[in-house]
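The structure under discussion appears below in the form of structure tokens.
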There are 2 protein chains.
Amino acid sequence: MKTATRADEWMTLLQREGYRQTAARRAIVEVILASQRALEPMEIFECGRKQYPGLGLVTVYRTLEKLEELGLVQRVHQPNGCNMVLRATQGHQHLLICTHCGQAVYFEGDDLHPLFERVAQGSGFDIQDHWLQLFGLCAACQKNPGEN
Amino acid sequence: MKTATRADEWMTLLQREGYRQTAARRAIVEVILASQRALEPMEIFECGRKQYPGLGLVTVYRTLEKLEELGLVQRVHQPNGCNMVLRATQGHQHLLICTHCGQAVYFEGDDLHPLFERVAQGSGFDIQDHWLQLFGLCAACQKNPGEN
DNA sequence: CTGAAATTGAAAACGTTTTTCAATTATAAC
DNA sequence: GTTATAATTGAAAAACGTTTTCAATTTCAG
Ligand SMILES: [Mn+2]
Ligand SMILES: [Mn+2]
Ligand SMILES: [Zn+2]
Ligand SMILES: [Zn+2]
């Protein structure tokens, strides 16, 4: 008996939504799931085409749209790129990103509500949403400052 | 005796840096200072050209580079645009942005250090920087939900 | 006023994303 | 398995925002 991989799960979710399972989509999904960091569409295209050489860049864009729709991936803004794509996580989480290797880690447990209260009071705004992202050096990049 | 406007100050700062005072630059500076929200380069171009019709879009881009260099403006990422430009503020401040009219207000007084500590411990990262931005409805847009 | 250097806008080049389209493919019904 | 249908594909072209190139103009120190 085979264990369903995460890629299998994503393909099934796509199918459940009425989309079809194709080799191109599977290649894209596997690239995203294998990466520890957010990738640009062009990077996904280049990696994906190693596994499925016929892959077209247009299909990458179209597949990313659908994966975002399903909440499986998330767009990430960084100083060096604003259209990067990362597997999403469930629940309310924020990102911690290594400025050297790009590794992206989700964390939770922020309670910013006291801050929101204070800012709402001071400004008269009704606060609805927030973006929080931390940047730093991951453990590996602290040890190998010269690498990469 | 004339009061030096904020635009005068910015032009002087540019000159002090070795740049020249020109009509094109002044038009751009005045558009940015008059706006309560972050603007796209194209918007700055369109407004600026009302005051100085000869203005070129290229000059907008080149002037924005210099203003950013001097720390007078800041790039703002939003769901609807990642290269928007807003007058900067001194010190460590974050932005509160109205999702309806775009009005952008700086606020300070976040103490996120306890959070950083906790995340650093949990992840092994050395945290160096953070992005925090709040979104909501400004007082005016709460009152006039249909407007605009 | 003069001259050197900075600045300008138009046009072209660029990289990324979207649209168009005819051919191919996945899937459900038979 | 075969067939019919609608979804999906990649190539090419178009669209888009930004950057580079360049000759003409403008600023400003001397
Ligand atoms: Mn949060
Ligand atoms: Mn962005
Ligand atoms: Zn790292
Ligand atoms: Zn508003």
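The chains referred to below are lettered A, B, ... by the order of the sequence lines, with proteins before strands, and numbering in each begins at 1.
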Per-nucleotide protein contact along nucleotides 20-30 of chain D, 5' to 3', at a 4.0 Å heavy-atom cut-off (B base, S sugar-phosphate only, - neither), is BB-----BS--
Roughly how far, to the nearest 0.5 Å, is the CD atom of B:Q103 from the CG atom of B:L95?
11.5 Å
Going by salt bridge (Lys or Arg N to Asp or Glu O under 4.0 Å), name the residues that satisfy it together with B:D126, two or more places apart in sequence or in a different chain.
none
Kindly indicate whether the side chain of A:Y106, heavy atoms from C-beta on, has any atom under 4.5 Å from the side chain of A:L96.
no
Value in whole Å for how far the P atom of C:dT8 lies from OH of B:Y61:
16 Å
Taking A:Q142 for its side chain and B:G124 for its backbone only, find out whether a donor-acceptor pair lies under 3.5 Å.
yes
Note: contacts of residues 67-86 of chain B with DNA chain C (heavy atom, under 4.0 Å) are none
Just the rounded figure in Å: distance from C1' of C:dT27 to CZ of A:R16.
17 Å
Set of residues satisfying salt bridge (Lys or Arg N to Asp or Glu O under 4.0 Å) with respect to A:R37, sequence neighbours excluded:
A:E43
Could I get the full list of salt bridge (Lys or Arg N to Asp or Glu O under 4.0 Å) partners for B:R6, not counting sequence neighbours?
none
For the pair made of CG in A:L64 and P in D:dT9, what is the distance, rounded to whole Å?
12 Å
When rounded to the nearest 0.5 Å, the distance separating CG of A:L86 from CD1 of A:I32 is 9.0 Å
Between A:H130 and A:H94, what is the ring plane arrangement, given parallel below 30°, perpendicular above 60°, and tilted in between?
tilted
Taking the side chain as C-beta and beyond, is there a heavy-atom pair between B:M84 and B:L39 under 4.5 Å?
no
So, B:R25 side chain and B:R20 main chain: donor-acceptor pair closer than 3.5 Å or not?
yes
Whole angstrom value for the distance that separates C1' of C:dT8 from NZ of B:K66
11 Å
So, with a heavy-atom separation below 4.0 Å from DNA chain D, the residues of residues 26-49 of chain A are none
Expressed in angstrom and rounded to an integer, what is the separation of A:L57 atom CG from D:dA12 atom P?
14 Å
Parallel, tilted or perpendicular: which one describes the rings of A:W131 and A:H77, with boundaries at 30° and 60°?
tilted
